[in-house]
Amino acid sequence: MSSGEVAAAAVAALGEIGNQEAAANLRAGLTAQVEAGLRAEYAQAAIVCAERLFRANNTAAATEMYQQVRDADVSKQRKLEATRGLFVL
């Protein structure tokens, strides 16, 4: 397993954890200087995390996470997923 694959798996795990600490790490990753492929992993994990935060009745944190994905330099698909998440809230 390459270091990139390990990093991607760790980022995905943060999304699955879905708590405030994980959200803070994902927000940092969305704004950090990382390669585009890893930024895409951060965006996907952030969306998963936002869904988990919403299910835990933490609408404010979910809103912040979705908005951060929308503001990040990520694909149109991830931005649309984040926009959908905001409408569901």
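Throughout, numbering of the chain's residues begins at 1 and tracks the sequence. Side-chain atoms are counted along with the backbone in the values below, which use heavy atoms only and exclude waters and symmetry mates.
With sequence neighbours left out, the salt bridge (charged side-chain N to carboxylate O under 4.0 Å, His left out) criterion links Arg70 to no other residue. When the side chain to side chain contact (heavy atoms under 4.5 Å, CB included) test is applied to Asn25, the partners found at least two apart in sequence or on another chain are Leu14. For Gln67, the side-chain hydrogen bond (donor to acceptor under 3.5 Å, both in side chains) criterion is met by Asp71, not counting sequence neighbours. In this structure, Gln33 has no side chain to side chain contact (heavy atoms under 4.5 Å, CB included) partners at least two apart in sequence or on a different chain. Looking at residues two or more places apart in sequence or on another chain, you find a side chain to side chain contact (heavy atoms under 4.5 Å, CB included) between Thr31 and Gln68. Under the side chain to side chain contact (heavy atoms under 4.5 Å, CB included) criterion, Glu64 pairs with Arg27, sequence neighbours left out. Under the side-chain hydrogen bond (donor to acceptor under 3.5 Å, both in side chains) criterion, Asn19 pairs with no residue at all, not counting sequence neighbours.
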Using distance only, find each side-chain donor-acceptor pair of residues 36-46 under 3.5 Å and give its atom names and separation, not counting sequence neighbours.
from: Arg39; atom 1: NH1; to: Leu30; atom 2: O; distance (Å): 2.9
from: Arg39; atom 1: NH1; to: Ala32; atom 2: O; distance (Å): 3.0
from: Arg39; atom 1: NH2; to: Ala32; atom 2: O; distance (Å): 3.2
from: Arg39; atom 1: NH2; to: Val34; atom 2: O; distance (Å): 3.3
from: Gln44; atom 1: OE1; to: Arg78; atom 2: NE; distance (Å): 3.3
from: Gln44; atom 1: OE1; to: Arg78; atom 2: NH1; distance (Å): 3.2
from: Gln44; atom 1: OE1; to: Arg78; atom 2: NH2; distance (Å): 3.2

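Considering every non-hydrogen atom in both Leu53 and Ala61, the closest pair reads CD1-CB, 3.9 Å. Shortest non-hydrogen contact noted between Leu89 and Phe54 is CD2-CD1, 3.1 Å. Summarising the geometry of Gly18 relative to Cys49, their closest heavy-atom pair is CA-SG, 3.6 Å, with the distance given to 0.1 Å. Ala82 approaches Tyr66 most closely through the heavy-atom pair CB-O, 3.4 Å. Taking every heavy atom of both residues into account, Val69 and Val74 meet most closely at O-CG2, 3.6 Å.
Screening residues 3-14 for salt bridge (charged side-chain N to carboxylate O under 4.0 Å, His left out) gives no qualifying pairs among residues at least two apart or on separate chains. Under the salt bridge (charged side-chain N to carboxylate O under 4.0 Å, His left out) criterion, the residue pairs touching residues 42-62 are Glu16-Arg52, Glu51-Arg84, with sequence neighbours excluded.
Hydrophobic side-chain contacts under 4.5 Å tie Leu80 to no other Ile, Leu, Val, Met, Phe, Trp or Tyr residue.
Cluster annotation: Met65 and Val11 are assigned to the same hydrophobic cluster (Ile/Leu/Val/Met/Phe/Trp/Tyr, side-chain heavy-atom contacts under 4.5 Å, transitive).
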